[in-house]
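Report on the structure given below.
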Amino acid sequence: MVQKQFQAESKRLLEMMINSIYTQREIFLRELISNSSDAIDKIYYKALTDDQLVFNKDDYFIKVSADKDKRTLTLTDTGIGMTEEELENNLGVIAKSGSLAFKKENELKDGHNIIGQFGVGFYSAFMVADEVTVTTKPLGSEQAYKWVSQGAEGYTIEPAEKDAVGTEIVLKIKENSEDDNYDEFLEQYRLRAIIKKYSDFIRYPIKMDITGQRPAEGDDKELESYVEEQTVNSMVPIWRRNKNELTDADYEQFYNEKRYGFDKPLKHVHISADGAVVYNAILYIPENTPFDYYTKEYEKGLELYSNGVLIMEKCGDLLPDYFSFVKGMVDSEDLSLNISRELLQHDRQLKLIAKNIKNKIKGQLQSLVKDEREKYERFYASFGRQLKFGVYNDYGMHKEDLQDLLLFNSSKEKKLVTLDEYVSGMPEEQKYIYYASGESIDRLEKLPQTELVKDKGYEILYLTDDIDEFAIKMIAQYKEKEFKSVSSGDLGIEPDENDKQSEEEQNETKDLFEQMNAILGGKVTAVKASKRLRSHPVCLTADGELTIEMEKILKAMPNGQDVKADKVLEINVNHPVFESLKTAHAGDQEKFGLYTNLLYSQALLIEGLPLQDPVEFTNDLCKIMV
Ligand code: ADP
């Protein structure tokens with residue numbers, strides 16, 4: 001028989017299991033029971049669509065038995081079993097759960113971290129066993145197979161004998177060592193407690209042979225031992241239980257058990273609806289972004305049960321894209337069991353449930369915004385981007401649902417604020433909601449364009465995420481206030497008396513600006529006196545809908561759209577540089593050209609835009625130095 005090697009990843013996980021810390025070992029039983037339960041579900045589900053197969057509930061169970069003398073713990077299930085190929089693929093490789101893929105090497109060394117956080121599946125058996133034997137007979141085949149492994153060295157597979165369809169897993173429990181006691185995993189009371197703790201709601205009976213004592217017949221002083229098979233779990237799923245009887249820990253336990261995420265959920269919602277459509281649901285808002293969340297691979301959806309039977313692992317129709325981070329399950333009596341995916345999409349009940357769920361989640365998030373801001377900010381750091389995409393997508397169709405969930409950095413508050421908070425703080429004469437968009441708060445704080453708005457004492461929202469400005473444009477107005485970029489042509493702020501140029505001055509500068517524009521040869525649409533600059537000499541602004549930040553972002557996209565904002569070069573006529581410009585304009589055309597180009601280049605740099613010709617720019621700088 002050939003000894004086969006585990007794949008590298010599996011090997012690492014195995015080693016970690018073997019060296020895991022004591023307190024978490026007991027979860028191996030939860031993991032194995034959960035696999036068994038899934039395997040029975042698979043038969044149940046098959047029977048729904050296969051007339052040849054009859055599912056008789058009494059025939060399906062999981063049995064746990066320990067043999068202290070042989071030091072073995074045996075789990076038997078009447079599930080669907082595995083073919084030889086499945087044995088190879090499922091137990092030789094870390095399957096889809098792939099918890100390891102995104103964990104860094106150093107975190108891996110600290111193995112217990114992972115075990116605490118993830119469902120680790122079948123391999124967890126090696127936390128307590130030094131040999132694992134899996135004998136399995138798949139549904140629809142006469143041939144059984146045996147898989148044996150002593151851990152990291154590898155495994156063997158060979159044909160075997162087994163009467164009933166299903167899987168039997170025998171763990172050879174490790175010997176006690178100086179520090180570790182493994183005997184407990186052979187004790188009835190301990191096993192029973194572990195099953196109660198983690199697997200109580202499993203839908204199928206988990207049976208154990210429980211030893212009891214009773215008075216022996218005849219002599220009433222003598223006690224005799226007897227063995228009785230008992231079902232240890234209550235089999236009532238958590239979502240059917242009364243909310244009042246459940247604790248946060250119960251919900252966290254379920255989240256873990258179900259492997260919905262590797263974090264602790266930020267919030268759970270338990271719905272028991274008996275209105276137009278009857279269903280139970282448990283939903284979770286996670287705290288951390290799953291490693292693949294912002295990739296195409298991520299698949300949204302909730303588990304869908306029909307009357308307690310899992311009919312779909314990820315029902316995407318239950319969640320809008322913008323709430324795709326929500327995890328959990330829905331169980332409804334009103335859904336037909338063997339409904340096809342295509343039909344399900346059009347199912348009226350399902351649509352009602354989806355709508356209901358959407359509103360619940362929205363409500364939960366809104367109450368977090370209001371009452372638990374710190375928690376909400378943690379959520380927002382993970383999933384805020386998704387909400388903003390939600391505002392932008394589908395032509396803004398969902399903005400009403402989402403706009404009150406958005407947070408932006410405030411120039412005044414120096415923290416995140418909601419749009420409502422911004423608008424409530426606006427002075428009466430302020431007409432617009434001002435924002436500045438750029439790559440970091442640091443940069444935005446120094447942005448010349450913000451000077452006038454800040455001078456007025458108005459708050460500015462700093463948008464630093466590439467989607468921000470697009471989302472804001474989609475919202476267009478909030479509580480009847482329009483949004484305005486600090487870089488837009490007209491800020492809607494009346495200039496102060498001393499800012500106003502006299503007619504004469506205006507005529508004088510008009511010619512100067514026109515010449516500058518000619519020198520820049522189409523790089524900007526206009527050059528004009530700035531109404532917003534205070535201490536800075538120059539800046540770029542945009543006329544029209546498309547801002548310079550948006551231009552940058554669109555350009556950087558994979559199939560980069562070559563769109564251009566209508567840029568305006570604004571000059572601060574109160575800055576000493578303007579005097580030099582005027583002098584040059586009057587007397588030295590070459591110098592005037594040089595200054596114009598330099599000012600334009602500076603404006604580009606401030607804006608974070610590339611210089612068309614950096615060499616020429618440095619040459620120009622040198623010219624004024626010598
Ligand atoms: P996961 O359950 O996350 O997929 P596991 O490592 O626990 O990861 O199991 C890998 C796969 O092995 C399962 O997905 C399942 O296909 C198969 N498997 C495990 N235990 C059993 C079992 N008792 N009966 C049938 N198949 C099983």
Side-chain angles (χ1 to χ4, degrees), residues 6-7 9-14 16-18 20 27-46 59-65 73-102 114-115 117-129 132-141 143-149 151-152 155 157 160 162 164-171 195 198-199 202-207 255-262 290 292 299 303 310 313-314 327:
F6 286 105
Q7 298 217 339
E9 288 248 294
S10 316
K11 202 169 161 179
R12 249 160 55 208
L13 184 55
L14 269 169
M16 229 166 64
M17 290 296 141
I18 292 161
S20 65
I27 60 135
F28 80 93
L29 195 54
R30 167 189 88 184
E31 300 291 308
L32 297 183
I33 287 175
S34 160
N35 281 344
S36 289
S37 165
D38 290 349
I40 301 176
D41 271 346
K42 282 179 191 157
I43 292 198
Y44 191 121
Y45 193 49
K46 220 181 164 81
D59 296 341
Y60 294 91
F61 62 89
I62 298 159
K63 179 146 185 183
V64 178
S65 41
L73 177 66
T74 304
L75 258 107
T76 313
D77 70 56
T78 55
I80 199 155
M82 283 176 269
T83 63
E84 183 181 15
E85 200 186 350
E86 282 165 345
L87 257 185
E88 172 90 46
N89 291 340
N90 294 342
L91 304 187
V93 190
I94 293 205
K96 54 193 183 321
S97 25
S99 344
L100 285 194
F102 68 102
I114 294 199
I115 297 163
Q117 288 174 357
F118 300 94
V120 279
F122 172 78
Y123 290 99
S124 58
F126 287 99
M127 292 197 286
V128 298
V132 178
T133 305
V134 180
T135 311
T136 181
K137 184 165 157 188
L139 184 70
S141 159
Q143 185 59 58
Y145 287 92
K146 188 162 90 173
W147 179 101
V148 185
S149 170
Y155 58 92
I157 296 178
K162 189 175 186 306
V165 167
T167 303
E168 178 196 80
I169 301 178
V170 181
L171 311 185
I195 294 170
Y198 296 104
S199 311
I202 293 284
R203 296 180 347 103
Y204 307 103
I206 304 170
K207 297 181 179 175
Y255 184 81
N256 256 301
E257 153 72 30
K258 282 295 192 175
R259 304 184 192 168
Y260 288 142
F262 50 85
D292 61 349
E299 208 188 325
E303 282 184 316
L310 184 69
E313 272 177 79
K314 278 203 171 149
K327 301 281 179 185

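Both backbone and side-chain heavy atoms feed into the values below; hydrogens, waters and symmetry mates do not. Counting convention: from 1, in listed order, for ligands and their atoms alike.
Taking 4.0 Å as the cut-off, Ile80 does not count as a neighbour of ligand 1 on heavy-atom distance. Using a non-hydrogen distance threshold of 4.0 Å, Met82 registers as a contact of ligand 1.
None of Thr78, Ile80, Ile202, Asp59 except one satisfies the side chain to side chain contact (heavy atoms under 4.5 Å, CB included) rule with Ile40; the exception is Thr78. Of the residues listed (Thr136, Val132, Thr135), the one engaging Ile169 in a side chain to side chain contact (heavy atoms under 4.5 Å, CB included) is Val132, and it is the only one.
Annotation for ligand 1: atoms under 4.0 Å from non-hydrogen atoms of Ala39 are 24 (N), 25 (C). In the vicinity of Asn90, heavy-atom distances shorter than 4.0 Å reach the ligand 1 atoms 10 (C), 11 (C), 12 (O), 15 (C), 16 (O), 17 (C).
Side-chain contact check for Phe126 versus Ser149: some heavy-atom pair is nearer than 4.5 Å.
When the options Arg259, Lys42, Glu168 are ranked by their closest heavy atom to atom 3 (O) of ligand 1, first place goes to Arg259. Here atom 19 (C) of ligand 1 lies nearest to Asn35 when heavy atoms of Asn35, Ile40, Leu75 are compared.
The closest donor-acceptor contact from the side chain of Thr133 to the backbone of Val148 lies at 3.5 Å or more, if one exists at all.
Salt-bridge check for Arg259 with Glu31: passed, with a basic side-chain N closer than 4.0 Å to an acidic carboxylate O. Salt bridge annotation for Glu168-Lys162: absent, with no cationic side-chain nitrogen under 4.0 angstrom from a carboxylate oxygen.
The side chain of Asp77, and not its backbone, has at least one atom closer than 4.0 Å to an atom of ligand 1 (non-hydrogen atoms only; side chain from C-beta on).
For Phe122, a nitrogen or oxygen atom sits less than 3.5 Å from a nitrogen or oxygen atom of ligand 1, counting backbone and side chain alike.
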